[in-house]
Peer 1: 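My structure is below; once you've seen it, I'll send some questions.
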There are 2 protein chains.
Amino acid sequence: MEEGTLKSPSHCDSTDYGDSDPFQWDTREDCEVRQILDRVADKWSLLVIALLERRTLRFTELRNEIDGISQRMLTVTLRQLERDGLVERTVYPVVPPRVEYALTDLGCTLHETIKALVTWTEKHQDEIAAARAAYDRRMATV
Amino acid sequence: MEEGTLKSPSHCDSTDYGDSDPFQWDTREDCEVRQILDRVADKWSLLVIALLERRTLRFTELRNEIDGISQRMLTVTLRQLERDGLVERTVYPVVPPRVEYALTDLGCTLHETIKALVTWTEKHQDEIAAARAAYDRRMATV
DNA sequence: CGGCATCCGTGCCGATACTG
DNA sequence: CAGTATCGGCACGGATGCCG
């Protein structure tokens, strides 16, 4: 799953990056990458994509799975993801209505990346908790 | 406060998510992973971490690099990242003041993941743009 | 230069009611 | 069941002013 990610051997403090820097990117607000990142990095989007990877889900199933999301936000999030071509919406013309959501192929590729993010979070949550505790202690002693 | 967060009785704290279900995680709001994800997925945090990977930067350098960020939000973002142990803040007692920000080791590991996210976005931005155009066209015809 | 405090507008988001 | 429509609170974030 983890495609041999480009390791950072020592370039954390390296200042010698050329124009070929794989991470030299446009930071302007109107940059399309930033627009998409804002969408992708959305908290609800992350959760929806994560859940849909496991299997196709109906609207209420998603709402029940995601604690704290309102019907409105789930609808909005799903519409955005559908518009971006990450999620496919299928309506079955039955009574009562049945609507299923599934990841598209594009959504599946994104899920690989998101999974890495979640995995990182799970792996390092203890370090972050410790860092927060240490920080709060430092601030308190002042 | 800093006491170990209430662990979920079920599967949340299980680090063995790799085999049977690679993406079965706790979606409850009080789940620590979700809290951290919200922070990590923040749009400004992403940009700051991305820029700091290249080299250490001063406050104003960051502000100039990140188009559209206000001084307030840069300060808030940097404080959060510092508190989470992802960014290190160094103050040089000179006049005028000089403050430098750098990624910690933990921050470097996160950057690997973020880079994957940005790379994905760059790689698929055309597909997303096409999907959006198609979606908008469908909606317009109705 | 690199903050922090304060004020205040905007828009996000939840709650509610209604439809097919 | 799966939405849309509408309203309103409040938190997020911008602008400004002051300080070490």
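Protein chains get the first letters and strands the later ones, always in sequence-line order, with residue 1 at the start of each.
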Peer 1: Write down the distance between CG (Asp42(B)) and C1' (dA11(D)), rounded to a whole number of angstrom.
Peer 2: 14 Å

Peer 1: Could you walk me through whether Asp38(A) and Lys43(B) pass the salt bridge (charged side-chain N to carboxylate O under 4.0 Å, His left out) check?
Peer 2: CA-CA 6 Å; Asp38(A) 284 354; Lys43(B) 56 185 278 191; 3.7 Å; yes

Peer 1: How many Å lie between CG on Leu57(B) and P on dG2(C), as a whole number?
Peer 2: 11 Å

Peer 1: How is Arg63(A) classified with respect to the nucleic acid when contacts are heavy atoms under 4.0 Å: base, sugar-phosphate, or nothing?
Peer 2: nothing

Peer 1: From the options dG2(C), dG13(D), dG14(C), select the nucleotide whose nearest atom is closest to the side chain of Met73(B).
Peer 2: dG13(D)

Peer 1: Please state how far atom NZ in Lys43(A) lies from atom C1' in dC13(C), giving the value in whole angstrom units.
Peer 2: 10 Å

Peer 1: Rounded to the nearest angstrom, tell me the gap between atom CG in Asp38(A) and atom P in dC12(C).
Peer 2: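 It is 12 Å, rounded to the nearest whole Å.
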
Peer 1: Rounded to whole Å, how long is the line connecting atom CG of Leu62(A) with atom P of dA2(D)?
Peer 2: 10 Å

Peer 1: Give the C-alpha distance, both sets of side-chain angles, the deciding distance and a yes or no for side-chain contact (heavy atoms from CB on, under 4.5 Å) between Val40(B) and Ser45(B).
Peer 2: CA-CA 6 Å; Val40(B) 158; Ser45(B) 299; over 6 Å; no

Peer 1: Set out, in order, the CA-CA distance, both residues' side-chain angles and the distance that settles side-chain contact (heavy atoms from CB on, under 4.5 Å) for Val118(A) and Leu46(A), then state yes or no.
Peer 2: CA-CA 9 Å; Val118(A) 176; Leu46(A) 278 178; 5.9 Å; no

Peer 1: Within this structure, what is the CD-to-P distance between Gln80(B) and dC12(D), rounded to whole angstrom?
Peer 2: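 Nearest whole value for this atom pair: 9 Å.
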
Peer 1: Under 4.0 Å, heavy atoms only, any strand: does Tyr92(B) hit a base, just the sugar-phosphate, or nothing?
Peer 2: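 No contact at all - Tyr92(B) keeps every heavy atom at 4.0 Å or more from the nucleic acid.
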
Peer 1: Does a side-chain N or O of Arg79(B) approach OP1 or OP2 of dC4(C) to a distance below 4.0 Å, or not?
Peer 2: yes

Peer 1: Pick the nucleotide of DNA chain C nearest each of Arg72(A) and Phe59(B); which residue has the one closer to the 5' end?
Peer 2: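 Result: Phe59(B).
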
Peer 1: For the pair Arg98(B) and Glu100(B), find out whether any cationic side-chain nitrogen is under 4.0 Å from an anionic carboxylate oxygen.
Peer 2: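 Answer for the salt bridge query: yes.
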
Peer 1: Can you check the Leu78(A) CG to dG3(D) C1' distance for me, whole Å?
Peer 2: 11 Å

Peer 1: Any salt bridge linking Arg34(A) with Asp67(B)? Criterion: basic side-chain nitrogen under 4.0 Å from a carboxylate oxygen.
Peer 2: no

Peer 1: Counting only side-chain heavy atoms from C-beta out, which of dG3(D), dG14(D), dG14(C) sits nearest to Ser70(B)?
Peer 2: dG14(D)

Peer 1: Between P on dG2(C) and CZ on Arg89(B), what's the gap in Å once rounded to a whole number?
Peer 2: 10 Å

Peer 1: So, does the side chain of Gln71(B) form a donor-acceptor pair with the base of dG14(D) at under 3.5 Å?
Peer 2: no

Peer 1: At less than 4.0 Å, is any side-chain N or O atom of Tyr101(A) found next to OP1 or OP2 of dC1(D)? Yes or no.
Peer 2: no

Peer 1: Which nucleotide in the list dC1(C), dG14(C), dG3(D) gets nearest to the side chain of Thr75(A)?
Peer 2: dG3(D)

